[in-house]
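Input: a single structure, listed below in structure tokens.
Residue numbers count from 1 along this sequence. Values below: every heavy atom of this structure, side chains too, minus hydrogens, waters and symmetry copies.
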Amino acid sequence: MQDTNLMVQMSPGAQSSAADQENDAPRVVPRNLSNREKAAVVVRLLLNEGADIPLEELPDLLQEQLTHQLGQMGLVDRVTLAAVAQEFADALDGVGLSFPHGLAGALDAVNGKIAPATAARLRKVAGVRQIGDPWQRLREVSAENLAEMARAESTEVAAVMLSKLETAKAAQLLGHLPGPTARRITYAVSKTANVTPEAVERIGWSLAAQLDQRPEPAFRDGPGERVGAILNQSAAATRDGLLTALDEEDADFANTVRQSIFIFSHVPSRIQPRDIPAILRSVDQPILVTALAGASTDEDLATVEFLLANVSSRMADNLREEMAERGKVKQSDTEDAMSQVVAAIRALLDEGAITLVETEEAEE
């Protein structure tokens, strides 16, 4: 209480003197840092906050300079830290757009948006990318194409490639290789313990450069798939005659074509029973009745029974009545109707609404 009275009774001059002493206290001002030092402060601050900064995408020289600068900074006071953070935040607020680094980065940004031939030509001009992770691009390549690259490389390089892929992708790659080759590469993985990061990176750049040198194919589908798609829409007599001729010319190619063909008689072995209602709903009723009523071969009749067995009994009875009323159907009309049923199945497959049973699963 006495202390309070003393403060109340303190003369204005005494109070003014105390305020002057506070004002005379030394003020802490931010240190004058270079841009490199400021970058080190920002990086350290972000790392402390748990941010995931892709520093590996910087050129090697900048990564080295940043690391050296981090080791030289020592202590930074709070005022300097706050000033650098504010300057960094102001700089971010002023950014309108951020463009990719160089031609290679621009190609990644417009991937899938420009013509494949143009992209391939520009990648050749860009050459091997000097920033980023080449293995990320290689992981996006199909397992079949990676297997082709592995067969062309030495066993040691193929072993490094196998080690850098995700487990599932590596297993797929091995599945596309001949048994002896796959065993040699798998064994060579045991010898990669002492491979340096620099060597792994050089291998990645070399393999990525091969992707840039590969010509862009004119057709997305393989020859067998293209011929199979054509024969899907052909009359049965034409299809059978062409397959017989292909057997005589090139049995392997004929087998590839057969694997790509999907016709009405394949429905029981390639379509899930649960997908039948969706398929029948997507076909016009007159077309469906014509296809069902016109079936004459054992395979086509088996498809009819498969379709009717996997819909409601009421719908199956209605279809049987309409088939009886339809009477005899010309072969050309039957084949045209069956082709439209298959086209409806293809459309559902393209939409992802249904999936085909793989040939191996169907055989089992």
Side-chain angles (χ1 to χ4, degrees), residues 221-248 253-364:
D221 299 329
E225 294 175 337
R226 296 199 301 276
V227 174
I230 295 171
L231 295 184
N232 275 332
Q233 304 297 322
S234 301
T238 302
R239 180 171 57 247
D240 294 341
L242 288 174
L243 287 174
T244 301
L246 285 176
D247 281 328
E248 297 174 356
F253 181 64
N255 184 53
T256 302
V257 172
R258 282 192 172 88
Q259 292 177 0
S260 300
I261 291 177
F262 180 84
I263 56 178
F264 188 76
S265 61
H266 293 162
V267 169
S269 60
R270 303 297 304 279
I271 298 296
Q272 298 279 3
R274 65 172 182 269
D275 293 330
I276 296 304
I279 293 171
L280 298 191
R281 284 195 301 269
S282 64
V283 181
D284 291 339
Q285 190 81 352
I287 298 298
L288 177 61
V289 172
T290 299
L292 299 179
S296 57
T297 66
D298 292 341
E299 293 82 2
D300 289 342
L301 289 172
T303 298
V304 173
E305 291 304 317
F306 179 77
L307 294 174
L308 296 177
N310 289 287
V311 295
S312 66
S313 57
R314 181 179 178 180
M315 183 177 183
D317 292 339
N318 290 337
L319 286 172
R320 286 192 176 95
E321 291 179 4
E322 294 188 41
M323 289 164 58
E325 295 174 359
R326 182 70 170 79
K328 186 176 178 61
V329 182
K330 293 192 300 183
Q331 183 178 356
S332 59
D333 292 341
T334 300
E335 291 184 351
D336 181 63
M338 289 180 175
S339 296
Q340 293 190 51
V341 173
V342 171
I345 294 175
R346 291 281 184 185
L348 291 174
L349 289 170
D350 293 340
E351 294 171 4
I354 65 174
T355 56
L356 286 179
V357 176
E358 295 299 327
T359 306
E360 294 78 4
E361 297 177 13
E363 293 175 352
E364 292 177 2

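- Checking side-chain atoms of Asp300 against main-chain N and O of Ser296 turns up no donor-acceptor pair under 3.5 Å.
- Taken to the nearest 0.5 Å, the OG atom of Ser260 stands 11.5 Å off from the CD1 atom of Ile230.
- The CG atom of Asn255 sits 8.5 Å away from atom CG of Asp247, with the distance rounded to the nearest 0.5 Å.
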Report the C-alpha distance between Ile263 and Glu299 in whole Å, list the side-chain angles of each, state the deciding distance to 0.1 Å, and finish with yes or no for side chain to side chain contact (heavy atoms under 4.5 Å, CB included).
-> CA-CA 11 Å; Ile263 56 178; Glu299 293 82 2; over 6 Å; no
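- Here the closest heavy-atom approach between residue Phe253 and residue Gly224 is recorded as CE1-N, 3.6 Å.
- Leu246 CG to Leu243 CG: the interatomic distance, rounded to the nearest 0.5 Å, is 6.0 Å.
- The two residues Gly327 and Ala293 come nearest to each other via the heavy atoms O-CB, 4.4 Å.
- Using a 4.5 Å heavy-atom cutoff, the side chains of Ser332 and Glu335 are not in contact.
- Looking at Ile271 and Asn310, their side chains never come closer than 4.5 Å, going by heavy atoms from C-beta outward.
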Validation: residues 343-355 side-chain donor-acceptor distances under 3.5 Å, sequence neighbours left out:
none

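- Taking every heavy atom of both residues into account, Ala295 and Val304 meet most closely at CB-CG2, 3.6 Å.
- With rounding to the nearest 0.5 Å, the separation of CZ in Phe306 from OG in Ser265 is 13.0 Å.
- Inter-residue side-chain proximity for Val311 and Leu307 is flagged as unmet; no heavy-atom pair is nearer than 4.5 Å.
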Leu242 vs Val227, side chain to side chain contact (heavy atoms under 4.5 Å, CB included): CA-CA, chis, key distance, verdict | CA-CA 10 Å; Leu242 288 174; Val227 174; over 6 Å; no
Audit row: Leu356, His266, side chain to side chain contact (heavy atoms under 4.5 Å, CB included) steps and yes/no | CA-CA 10 Å; Leu356 286 179; His266 293 162; over 6 Å; no
I'd like a table of donor-acceptor pairs (distance under 3.5 Å, sequence neighbours excluded) in which one partner is a side-chain atom from residues 314-326, with atom names and distances.
unit_1: Asn318; atom_1: ND2; unit_2: Arg314; atom_2: O; d: 3.3
unit_1: Glu322; atom_1: OE2; unit_2: Gln285; atom_2: NE2; d: 3.1
unit_1: Arg326; atom_1: NE; unit_2: Thr290; atom_2: OG1; d: 3.4

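- Asp275 CG to Leu280 CG: the interatomic distance, rounded to the nearest 0.5 Å, is 11.0 Å.
- You'll find the side chain of Phe264 stays beyond 4.5 Å of the side chain of Thr297, heavy atoms only.
- Nearest heavy atom pair, residue Ala337 against residue Ala291, reads CB-N, 3.6 Å.
- Taking a cutoff of 4.0 Å between a charged side-chain nitrogen and a carboxylate oxygen, Asp336 and Lys330 do not qualify as a salt bridge.
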